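Since the model is a prediction, treat every value here as computed from it, not as a measurement. A, B, ... follow the sequence lines: proteins, then strands. Residue 1 opens every chain.
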Amino acid sequence: MNRYNPKSFESKWQDEWNKSGIYKAKDNTSKPKKYILEYFPYPSGAAMHVGHVRNYSIGDAIARFSRMQGFEVLHPMGWDAFGLPAENYAIKNKISPAQAISQNTTRFKSQLNQMGFSYDWSREINSTDPKYYRWTQWFFLLLYKKGLAYQQESLQWWCPVDKTVLANEQVEAGLCWRCGNKVEKKSLKQWFFKITDYADRLLEDLDDINWPEAIKSMQRNWIGKSKGALIDFKVDDSDKTIQVFTTRPDTIYGATFLVLAPEHELVSSITSKSQKNSVGKYIKDSQAKSDIERQETNREKTGVFSGSYAINPLTGEKIPIWLADYVLVGYGTGAIMAVPAHDERDFEFAKKFNLEIRQVISNNDEVDGVTLGEGSMISSGEFTGLNSADAREKIVEKISAMGIGSEKVNYKMRDWLISRQRYWGAPIPIIYCPKDGVVPVDEDQLPVLLPEIESIEPSGDGRSPLVNVPSFVKTTCPKCGGPAERETDTMDGFACSSWYFLRFADPDNQTVPFDKSKADYWLPVDEYIGGAEHAVMHLLYARFWTKVMYDDGLINFTEPFTTLRNQGMILAPDGSKMSKSKNNTIEPDSLIESGYGADSIRIMELFIGPWNQASNWSVDGLGGSYRFLQRVWKVVGQYIESSKGNLSQEINFNIKKIEHKTIKKVTKDLENLNFNTAVSALMEYVNELYKINQSTGIYKDTAWDQAIVSLLKLLCPIAPHITEELWHLMGQTESIHLTTWPTFNESIIIDEVFELVVQINGKVRAQLSVATSLGQEELVKLALKDEKIIKYTKDKTIVKTIVVPGKLINFVI
RNA sequence: GGGCGAGUGGCGGAAUUGGUAUACGCGAUGGACUUAAAAUCCAUUGGCCUUUAAAGCCUUGAGGGUUCGAGUCCCUCCUCGCCCACCA
């Protein structure tokens, strides 16, 4: 037999698997189904590195294991290919985005193929294919029909580098999520999806899905639900009122001033003549501050007096109205009633500007003059003496009765801005008619094709380059037939990825986005595997669309991903993140080329540490994985080439026992996704087999037949090529990946003897090999006869004896 | 500041959930093979411990507690990582 040389057979099997289509998922079978999905990749210019490969190695191990356990498995792959990176790559390389995507998907696909992942490529999808984005546009129309897509002119996040608007979620600490540059505000009319209508359901349904707590809490935090009240404060000597949002209406007797955000719409009308200059200056200053600066915490409070007063509706007192940038225009009403005695920020502000601090709740948690939390009411008129939680309800009741306020639930989450002023996206299927206004494109006119054009760079005036394509823009109104113009904005790429998991159930359908019965069979996704970077964008949007589809009767489930797994990142050997810009990426291609082969890489990806923990890549470690497979090759090879020997019954049984123990361990580990310990169990197994055949010189006998079969089957979800090759060298003709998972027999595993640990006062003093059948008393007798134990126990009284059956005895002296 | 997670050999990590701490792998050291190297194979490899063996003691970030027995449970503290962050 030749030496283990993965190059000599890995690509052969990859071709064979593709040709025979063994990974094709069958619709509507009677088998239980499992839908295993890794986030569909973005085929950017940078190729896949070993960090990405880990994601797919995990998914593929689960998929292969599940197939062998009798599940009908859907394990598809596709391309999330609209959006800026492809567009920028195209501009840089002077090719069209379509060409760029085609090049990059070819590269990615060959990378995935040479790793031997078991995808059903017959279901491959590409979000930039008109056959796909036709349905993304169809969903836009669905949302529009349901009143969930609307246009609004307002201040938007604008990235001056990417020259497009961004959704709230896509701005991280004042920086663009893609390019990392500072964003600005720009007033524009844009398309939004009304995700806020689903805020409560998006929040509540988190309780029913099996997701990492970290991701759930990020989504909860992002939705940011809080219960409180809206209260109107009349402006003194004016007909204006200022509405504030507060979560603590119970503290209203301690509200000693109001604060408006500098951008609040009433600022100019309530500023007094004498304060005009300083207010104007303050507004200018705060605009000049970047959003990063404004978001810095522990920044000293700044503010300015407006010159006007409001009336506290319950105390009747005149209280000053201030402006300060610690109040954010986008949250609540952009105005607050300040209660410095019970809010740290208001307290800081009041201290700095010498405003009144009035305590109205008392408890034992006072720190430096601020009392947080609940307590009993003081100095609060008729509410004095109540506890604050009760007072909160009563005060809201009273305010409602007075007609100046009401209970209100508030959310941090904003609607999803989906317009993009860029070329490379799905066109928004809307037509503007001078007569009929905004008119949706008829469904049967979809797709609205993205035209192929020369210059795809943004127009420069804040509009998409499509404005310069008359053949695209000029159209007729579907209603009146008169001349009209198309919307030139394209859709956020996250729209495409909000439903792709459904298209895999029915990728070629030309009449509907997917057939309901197929979706009902395959969905929801059972295992969704990807990085944590999608926590609040993709994963929130996809949940939102799913609920919209459910409401429309298109599907019968409300959550798209039953179980979510966040794999740990693979870092560069020095612990830094791998990135093209740092030039420290390690790509699988070169590792395969240098002779390690795909299987070694796959083993390494899983063996390196727990699947959900970050690990540093190690080339030396890869060598260890390779040596392991080499030993597998050797053990199985010797078996294949030998003729049947004649081992003792005892050794035969011993081999069988190790085999069954390993089946049990590896099965349990794969069920729990403990890939690293599954690999180590297989290593131990191979080492044991190797030792036995070294010591006996016999490589084949009754027990060996099964031992080798089990070894290959247990290993094949992780190392599909070497196992397939050896399987066929053994004379098998069917693929090993179509076989069933081995089972174990508990009665074979049971040991007849075990190592009894004998402790004195909890310290191990002796180990005895004893028969499993012995009773507790016999064990104690045996232990007390041991020389070492006699040494420790003579002249002492044993106070207590603890016997753990099958494990240990502890004598307390 | 808030939330989540994690601290175990030279390194990545394991430990049936309270029962032999350091499995498995890497690295290192010594040896075999070789003209030599690589590869492969064999042996050793937590510390006290500078020859080995036996015996002993110590050891899971630090300190305390519960328990016959703690890496695992409880309390206090330290360090690191990630996410969120003036949300009224």
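Residue pairs satisfying the salt bridge (charged side-chain N to carboxylate O under 4.0 Å, His left out) criterion with at least one member in residues 330-344 of chain A, sequence neighbours excluded, are listed as follows: A/Asp343-A/Arg345. Pairs engaging residues 668-692 of chain A under the salt bridge (charged side-chain N to carboxylate O under 4.0 Å, His left out) rule: A/Lys665-A/Asp669 [sequence neighbours left out]. Sorted by first and then second residue, the pairs that involve residues 612-636 of chain A and meet side-chain hydrogen bond (donor to acceptor under 3.5 Å, both in side chains), not counting sequence neighbours, are A/Arg631-A/Asn687, A/Lys634-A/Tyr690. Within the structure, every pair that satisfies the ring pair (Phe, Tyr, Trp, His ring centres under 6.0 Å) test and touches residues 328-352 of chain A, not counting sequence neighbours, is listed here: A/Phe257-A/Phe349, A/Trp322-A/Phe349, A/Tyr326-A/Phe349, A/Phe349-A/Phe353.
Nucleotides B/rC4 and B/rU76 are separated by 15 Å at their P atoms, to the nearest Å. With P as the reference atom, B/rC57 and B/rA21 are 13 Å apart, rounded to whole Å. To the nearest whole angstrom, the two P atoms, one in B/rC86 and one in B/rU79, are 25 Å apart. Here the separation of B/rU60 from B/rA70, taken at their P atoms, is 11 Å to the nearest Å. Of the P atoms belonging to B/rA38 and B/rU34, the separation is 15 Å, rounded to the nearest Å. As rounded to the nearest Å, B/rG30 and B/rU17 have C1' atoms that lie 40 Å from one another. B/rC75 and B/rU20 are spaced 25 Å apart, taking the P atom of each and rounding to whole Å. The separation of B/rA39 from B/rG46, taken at their P atoms, amounts to 24 Å, rounded to a whole angstrom.
There is a side-chain donor-acceptor pair under 3.5 Å between A/Thr196 and A/Asp415. Under the 3.5 Å distance criterion, with hydrogens and angles disregarded, a donor-acceptor pair is assigned to the side chains of A/Asp200 and A/Tyr411. Under 3.5 Å, the side chains of A/Asn584 and A/Ser576 contain a donor-acceptor pair of N or O atoms. A side-chain donor from one of A/Thr563 and A/Asn210 sits under 3.5 Å from a side-chain acceptor of the other. Looking only at atom types and distance, the side chain of A/Glu659 has a donor-acceptor partner in the side chain of A/Ser710 under 3.5 Å away.
For B/rC26, the OP1/OP2 oxygens have a side-chain nitrogen or oxygen of A/Arg627 closer than 4.0 Å.
The residue among A/Ser217 and A/Arg631 whose nearest nucleotide of RNA chain B lies closer to the 5′ end is A/Ser217. Mapping A/Thr247 and A/Glu755 onto RNA chain B by nearest heavy atom places A/Glu755 at the nucleotide closer to the 5' end.
Looking at heavy-atom distances under 4.0 Å, A/Pro610 makes contact with sugar-phosphate atoms alone, never a base. Using a 4.0 Å heavy-atom cutoff across all strands shown, A/Val812 reaches sugar-phosphate atoms only and no base atom. Looking at heavy-atom distances under 4.0 Å, A/Asp346 makes no contact with the nucleic acid at all. Within 4.0 Å of A/Gly224, counting heavy atoms only, lies no atom of the nucleic acid at all. Nucleic acid contact class of A/Tyr690 (heavy atoms, under 4.0 Å, all strands): sugar-phosphate only. If you check every strand for non-hydrogen atoms under 4.0 Å, A/Thr246 touches sugar and phosphate atoms only.
Between atom CH2 of residue A/Trp611 and atom CZ of residue A/Arg54 there is a gap of 9.5 Å, rounded to the nearest 0.5 Å. Rounding to the nearest 0.5 Å gives a distance of 9.0 Å between CG of A/Leu258 and CE of A/Met337. To the nearest 0.5 angstrom, A/Phe744 atom CZ is 8.5 Å from A/Ile663 atom CD1.
A salt bridge does not link A/Asp786 with A/Arg765: every distance from a Lys NZ or Arg NE/NH1/NH2 to an Asp or Glu carboxylate oxygen is 4.0 Å or more.
Distance from the side chain of A/Lys301 is smallest to B/rC86 among B/rG25, B/rC86, B/rA88. Side-chain proximity of A/Val764 to B/rA88, B/rU20, B/rG25: nearest is B/rU20. Listed nucleotides B/rC24, B/rC68, B/rA88 differ in distance to A/Glu684; the shortest reach to its side chain belongs to B/rC24. Side chain of A/Asp620, nearest nucleotide from B/rG27, B/rU20, B/rC86: B/rG27.
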Please list, pair by pair, any protein nitrogen or oxygen found under 3.5 Å from a nitrogen or oxygen in nucleotides 45-47 of chain B.
none

Which pairs, protein N/O on one side and nucleotides 5-12 of chain B N/O on the other, fall under 3.5 Å?
from   : atom 1 : to       : atom 2 : distance (Å)
B/rG12 : O2'    : A/Ile608 : O      : 2.5

Between the protein and nucleotides 54-61 of chain B, are there any N/O to N/O pairs under 3.5 Å, and if so, what are the atom names and distances?
from   : atom 1 : to       : atom 2 : distance (Å)
B/rG56 : OP1    : A/Tyr792 : OH     : 2.8
B/rC57 : OP1    : A/Arg765 : NH2    : 3.1
B/rC57 : OP2    : A/Arg765 : NH1    : 3.2
B/rC58 : OP2    : A/Lys763 : NZ     : 3.3

Atom pairs under 3.5 Å, N or O on each side, protein against nucleotides 17-19 of chain B: can you list them with distances?
from   : atom 1 : to       : atom 2 : distance (Å)
B/rG19 : N2     : A/Gln759 : OE1    : 3.4

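Side-chain atoms of A/Val50 and A/Glu605, non-hydrogen and from C-beta on, do get closer than 4.5 Å to each other. With a 4.5 Å cut-off on side-chain heavy atoms, A/Leu606 and A/Ile58 count as touching.
Near RNA chain B, defined here as any heavy-atom distance below 4.0 Å, the residues from residues 659-678 of chain A are A/Asn676, A/Thr677, listed numerically.
The local environment of NZ in A/Lys351 is sparse, with at most 12 non-hydrogen atoms from other residues, nucleotides or ligands closer than 6.0 Å. No more than 12 heavy atoms of other residues, nucleotides or ligands sit less than 6.0 Å from atom NZ of A/Lys577. The neighbour count for A/Gln694 CD, taken as heavy atoms of other residues, nucleotides or ligands under 6.0 Å away, is above 12.
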(request) Determine, stepwise, if the pair A/Arg392 / A/Glu407 fulfils salt bridge (charged side-chain N to carboxylate O under 4.0 Å, His left out). (result) CA-CA 10 Å; A/Arg392 191 145 58 235; A/Glu407 206 172 58; over 6 Å; no
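Applying the side chain to side chain contact (heavy atoms under 4.5 Å, CB included) rule to A/Glu641 yields the partners A/Met1; only residues at least two apart in sequence or on another chain are considered. By the ring pair (Phe, Tyr, Trp, His ring centres under 6.0 Å) test, A/His264 is found to be paired with no residue, residues two or more places apart in sequence or in another chain being considered.
Atom CG of A/Leu682 and atom C1' of B/rG25 are 13 Å apart (whole Å). Between the P atom of B/rC84 and the CD atom of A/Gln219 lies a distance of 13 Å, rounded to the nearest Å. Rounding to whole angstrom units, CD of residue A/Gln694 and P of B/rU40 are separated by 15 Å. Straight-line distance from the CG atom of A/Asn612 to the C1' atom of B/rG13: 13 Å, rounded to whole Å.
Base pairing in RNA chain B yields stems of at least 3 consecutive Watson-Crick or G-U pairs, both distances under 3.5 Å, namely B:1-7 with B:78-84, B:10-12 with B:24-26, B:27-32 with B:40-45, B:46-48 with B:56-58, B:61-65 with B:73-77.
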